[in-house]
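Comments concern the structure below.
Letters A, B, ... are given to chains in the order of the sequence lines, protein chains preceding strands, and every chain is numbered from 1.
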Amino acid sequence: GGGAAPGAAGGPLRIASASSSLSAGPLLAAMALDTFAQAGIAYEYTDFAGNSPNTIAALSAGAADVALVGAASGWDALQEGAPLVVVAAIAGNTSELGMRTDVAQRLGITETSPIEQRVQALRGLTIATARTGSANYQMLRSLFTLYGLNPDTDATIVPSEPTAIVAGLQNDGIDAAFYGTGVMQTNYADGTAVPMVNLPRGDVPELEDIVFATALVRTETLENDPARVEQFVTALRAAGTAITDRGEETRAAVKDRYFPDLPDEVYRLSWDQVAPAWILDGALSPQQLTASLEFQTQTTGKPYDGIGFEDDVAPIARS
Amino acid sequence: MTDTMNGRARAVATKPVLASGIRDRVARHLLQAAILVAFLLLWQYASGRWVAPLFISSPVAVWDTVVRWIADGTLLHHAVATFRVAVAGFLIGGLSAVVFGYLLGVSRFWAGVAEPFITALYALPKVAIIPLLIIWVGVGAGLSLVVCALIVFLLLFYNTFYGIREVKPALIDGVRIMGGGWADVAFKVRLPSAFVWIVAGMRISVPQALVGVVTAEILAGNRGLGYLVSFNAGQFNTAGTLAAVATLLLIGLGLDRVVALATRSALAWQHGGGR
Amino acid sequence: MTDTMNGRARAVATKPVLASGIRDRVARHLLQAAILVAFLLLWQYASGRWVAPLFISSPVAVWDTVVRWIADGTLLHHAVATFRVAVAGFLIGGLSAVVFGYLLGVSRFWAGVAEPFITALYALPKVAIIPLLIIWVGVGAGLSLVVCALIVFLLLFYNTFYGIREVKPALIDGVRIMGGGWADVAFKVRLPSAFVWIVAGMRISVPQALVGVVTAEILAGNRGLGYLVSFNAGQFNTAGTLAAVATLLLIGLGLDRVVALATRSALAWQHGGGR
Amino acid sequence: MSGGTVTATRAELVGLDGVSVRFGDTEVLAPTSIQVREREFVTLFGPSGCGKSTLLNIVAGLLVPSSGQVRFDGKAISGINTRIGYMTQDDTLLPWRTVRANVAMPLRMRGVPRPEIADRVQTYLRLLDLEHAADRYPAQLSGGMKRRALLARSMIYEPRMLLMDEPFAAVDARLREGLHDEVRRAVEQADQTVLFVTHDVAEAALLSDRVLVLGHRPGRVVAELTMPFGANRDLRRLRLSEEYLAAQLAVRRALDTAEEDDD
Amino acid sequence: MSGGTVTATRAELVGLDGVSVRFGDTEVLAPTSIQVREREFVTLFGPSGCGKSTLLNIVAGLLVPSSGQVRFDGKAISGINTRIGYMTQDDTLLPWRTVRANVAMPLRMRGVPRPEIADRVQTYLRLLDLEHAADRYPAQLSGGMKRRALLARSMIYEPRMLLMDEPFAAVDARLREGLHDEVRRAVEQADQTVLFVTHDVAEAALLSDRVLVLGHRPGRVVAELTMPFGANRDLRRLRLSEEYLAAQLAVRRALDTAEEDDD
Ligand SMILES: Nc1ncnc2c1ncn2[C@@H]1O[C@H](COP(=O)(O)OP(=O)(O)OP(=O)(O)O)[C@@H](O)[C@H]1O
Ligand SMILES: Nc1ncnc2c1ncn2[C@@H]1O[C@H](COP(=O)(O)OP(=O)(O)OP(=O)(O)O)[C@@H](O)[C@H]1O
Ligand SMILES: [Mg+2]
Ligand SMILES: [Mg+2]
């Protein structure tokens, strides 16, 4: 079993990630280039197949030392009193909305239509998104709320999963989908869907500051072994530098390691789309935190007054 | 069910039998209540002391949530959605399992032919074929129904199949000599004889029918107790998650009781206590 | 298994029995091969014509992937990881199921007390308690092991329990009068008599042992066929996903055959063909 | 001897020609030929394990012999023979049906109208002293009561032929005498044919037209005795007669000879 | 009458005082008192369904009566009685063990050394003419062979007391005579006590020290007959004697009276 004592300082750093998708690009790059070795640590990686709550459970139980999770789940955990602390922001808003090509044509909108019009056009559609309660799910609801739509009545939101989304767009099962980058690129490539709302690019200013993926550690880890935390963040930053300075090489390394079988075109589309959302220095600003928490309050109806920049964001992650 | 001690029949007057049966039942229920209460107390105590409430919440918090959900109708809405699909899925999967289990149970040759394919279907992790199912039946209630029926079918199929095989051949011969046709053999011998097996299979598959629906709802749903589970889990609202799970448990236990009652009288012949 | 027609025993010379048995078996295997080939052809044909390769890939693509994985050792590495955990989980879950099923099968009172709790555990969607399990046993092989053992336990428990209950009481009485103690009753009467049920339960739970391990590996893993499934699914590499699933199926079928062979000789007494 | 000659002129109902049975390596029945004519009462008599039940199973179509031909009413038997009633040695009552339902079953399968079924079931239950137990399940019966219910079930539809495997072994002396009368009446008035197995010399002598004495390892016919009492015998008188004692002695002697052959 | 008086002075082995049995609403056995003394051979005789097997089950400790006391060897019976051998009316051979293993079972449970087990099993298989079937499973036996295997299993450990429920019903005449000798020898030389059930008047008269005639609905003792043949009887001579015929007549008459009471 992996429920080892938290102080397993000698062993490799146990990294748990809710997802190995491109949303976690900086982490994937760090592992693909092994900037961890340069920072002086070994690591061990576990993928939680998209499930942030499980990832946080593993971290809290001491079965992992660092967790990369959807930020929303992280905020919920912190609000519920989990003794965790943010050590890095990984990505800003990576979500996008794609629409079936024929639906877009019927509605007469394109990616360049005014954002208000694009969102209003969703009225009455069937829109697939990620699992209930996930960051994407909440983001979609918040998009609705922002432009005066009621997410419960104005459209049918079906929680789904990536393959089903690609299929749904191909075989007319759904009208549109809202998901992290890296899924609908398949549809864009084969022409069954077109991009409609691009959040990494900043299509919706109100959602621009929202952080989408963060890295957490247990509070006690930060207190007992700050050096290890620093090594981890250093490795992440090194990867960020590599993405900026040696873009082609890094992109190829990540593809080799984590997406060997993804068609090149789809991979390239995805990378280009999500890259603007990555937070390459890992830093989180107070505004970003506030925006993220306000956004989440809108979607869950819960106050997030238990979370404070001083208490819950480690100094190393502050900007 | 109550008046036979292990391997030692009792032939006592009607009154005492009932009395001792009732006494046993009272003792049993008291014990169960005690275990339940002890569990709840332990849970309440452990919460916040040994384990963070984030993970196990507490009985009081769960109770509060349940009460709130009952008051605002949330629970009824989602429970009815799940329950409906589970019942439909159970009926579809169960009936086909009995029919198919019967057909293969009576024919060794076709059983031999079909068996590896069924085992393969059974060995298939259902999560792996969810995308395919979504293509065929879409998402929502349809998906839950298919997943549920499939799980029930596979579980009940094996028990029906083995039950039909275990029938004493001499009983079948007897009926056929009397002039019984295949329908007589089926309905008067094979199925009654396999009934204990089928009942065991039902007790196995009823809870799994619910689990199947809920799993599908968790993976891709916007309604039902599975949705409630994943919605609350996503927000670390552990009390909410556990409230949904508890409701699920109660429905599962209730369905199981219904099956038990429905089948008990049909098995009365076993309890002659004669030797 | 081969020389009895339905309800009609055959008393023929040794030679012909074997010959007809062999003929039957050849016919069966030919038919199975034909079905398999037809399925593969249909799959290959449908791929890209009726259904997008993204969902069903094609047999040729899956085959290529398997060959590649065999060559570079990927398959062996992951299969061994999964297989190991599945076997351990099956042994742990299976043994406790037989012991526990036996104990409750012999005691109506304790069975009555424990039964709702076990049914509740059984009705619990395992996905809902994964976070709790992660807290208790962490991630990796430990988690897979626990999930697998739990699933196997629950499936096999019910069959053992019912099997032990179905024992003819007169057989037990006979042995006790001869001076047999509880061990004699257990090992000479109850367990042999329940053996058909236990075997049926094993055939039900062996594939689910694998499914359990794989599910846990999918949920949180970095090794094993389940990881392979989710790693490839994450890249929309359907050929890879199905290659992992196919490997899983073969291992499942293989394990099932091993169980069947291991239990056949122990059930030889049933096939006296006598009336 | 008149009885013997009377039956000898009747048509064959069952014909076994060179029938043999092997189970695996064991020869259970050596090639054997047996004929049973219509309205004949033939008893198979012989040591335990000599193949009597096996022979009945063959006539019932439950067992396909390893070699030889089996005819029933002139035609080769293929599949279960539904023109017979078979009172088996083992219990084949359906445990999940009451005595009444078990006994009624053959009639219901033959589509007899309900009121008639009720009547006939009542008659047979009375005949076999089972009226008071009509609504019990088999698990609630005594050993002898189970045998009697089985007997009622095999006789109630008055089949062309009755195969009876030790039908009266667990029946008390008094009831047995009544049943003896009943079975003879079936042959003489209802035109039934009976193939009977018993270990009771007296019973064999009293009821049979012909007794086939079997030997064992392997099973085979070692003697054939024709009982000289003819049709329409009066069992009550016969039981006290000299010729009856003589017939018993003859059967017993044939058996002894058969077994000495063995040793 | 000397036999009767001899056994009457011996100590009680089984004592039933006012024992009655009800199943639900049915009174199966009216309050009944029965005593069996050591080394006595007592036969229960009566119509089918009168409660003979029920009485054996009570002595075996398998059935707790609705009222009354049951003593065995001076102590109240509580739980299964392991000092007896019980040849039941139903088949209780373990289907998953061969004949040899079934017969050896009681000895193995009593920890008898292996070579001795093999010896004794061989002896009993020979006695019951089962040597050639020693390695077959019960499903491969004829009806009579199953009964004999059961008989071997209940006798092989030479228990204090034998309960035998129609043990010889499916056994052929010749073997039966041998077994009669064997059972009497058990009583006279091995100091065993026997409680016996049969429907065969001759058998009851031949073997018993005492015959209890039961009536039915509800079951109860209606007559008690002491057989006048004493211990150490020579069965061979007895079978041909006048007194044996007289005893049979007495038993039959007692039964008739019992049944007339009923009607
Ligand atoms: N479980 C039961 N429920 C109701 N009645 C029962 C039950 N078991 C036995 N009986 C009745 O008890 C009576 C006595 O049965 P028992 O087996 O002792 O008869 P018996 O004298 O051994 O008859 P036989 O000679 O036919 O073996 C029968 O009438 C039987 O129907
Ligand atoms: N499946 C089997 N395999 C091997 N031997 C068998 C099988 N079935 C029956 N036998 C053997 O066949 C022989 C004849 O059996 P059968 O039942 O016909 O005897 P029977 O004459 O009816 O004896 P009984 O008087 O004891 O009923 C027996 O020796 C028995 O052991
Ligand atoms: Mg026989
Ligand atoms: Mg009896």
Side-chain angles (χ1 to χ4, degrees), chain C residues 1-5 7-12 14 17 98 102 106-108 160 163-164 166-200 262-275, chain E residues 53 56-57 59-63 72 77 79-99 101-112 133 135-143 145-146 149-150 152-163 165:
Chain C
M1 285 236 135
T2 51
D3 58 340
T4 0
M5 287 160 53
R8 187 166 152 83
R10 244 169 212 291
V12 273
T14 314
V17 169
V98 171
Y102 178 88
V106 300
S107 158
R108 281 191 184 273
T160 307
I164 293 291
E166 281 306 297
V167 176
K168 232 173 103 187
L171 296 187
I172 297 171
D173 292 342
V175 167
R176 292 184 65 199
I177 284 177
M178 284 183 250
W182 75 265
D184 292 310
V185 170
F187 292 107
K188 294 186 175 136
V189 189
R190 286 193 192 272
L191 289 174
S193 166
F195 199 59
V196 193
W197 286 81
I198 296 175
V199 167
T263 52
R264 177 180 298 177
S265 70
L267 286 175
W269 58 268
Q270 290 194 309
H271 306 296
R275 32 179 31 84
Chain E
S53 302
L56 296 198
N57 283 336
V59 175
L62 296 176
L63 192 76
F72 188 88
I77 290 187
I80 302 271
N81 186 348
T82 59
R83 280 168 307 170
I84 56 159
Y86 190 177
M87 157 92 186
T88 51
Q89 195 170 11
D90 291 339
D91 178 12
T92 58
L93 292 174
L94 298 184
W96 41 86
R97 305 220 153 195
T98 61
V99 169
N102 261 294
V103 172
M105 197 143 28
L107 298 181
R108 301 191 58 180
M109 286 171 183
R110 275 146 214 269
V112 175
D135 295 313
R136 295 201 197 150
Y137 288 103
Q140 302 172 322
L141 301 183
S142 79
M145 287 156 82
K146 277 186 219 160
L150 214 50
R153 195 183 70 176
S154 65
M155 293 177 72
I156 196 169
Y157 55 108
E158 288 165 9
R160 188 78 185 281
M161 179 172 196
L162 277 172
L163 307 181
D165 205 341

Applying side chain to side chain contact (heavy atoms under 4.5 Å, CB included), run through E/M109 and C/V175 and close with a yes or a no.
CA-CA 9 Å; E/M109 286 171 183; C/V175 167; 3.3 Å; yes

Measure E/L93 against the heavy atoms of chain C and call it side chain, backbone, both or neither at under 4.5 Å.
backbone

Exactly one of E/L162, E/I156, E/L163 should register a side-chain contact (heavy atoms from CB on, under 4.5 Å) with E/P159. Which one does?
E/L162

Is a side-chain N or O of E/N102 found less than 3.5 angstrom from the main chain of E/L94, in a donor-acceptor match?
yes

Please classify the contact of C/K188 with chain E as side chain, backbone, both or neither, using a heavy-atom distance under 4.5 Å.
both

Residue of the set E/L63, E/L62, E/T92, E/T88 for which side-chain contact (heavy atoms from CB on, under 4.5 Å) holds with C/D173
E/L62

E/R136 versus chain C, heavy atoms under 4.5 Å apart: side chain, backbone, both or neither?
neither

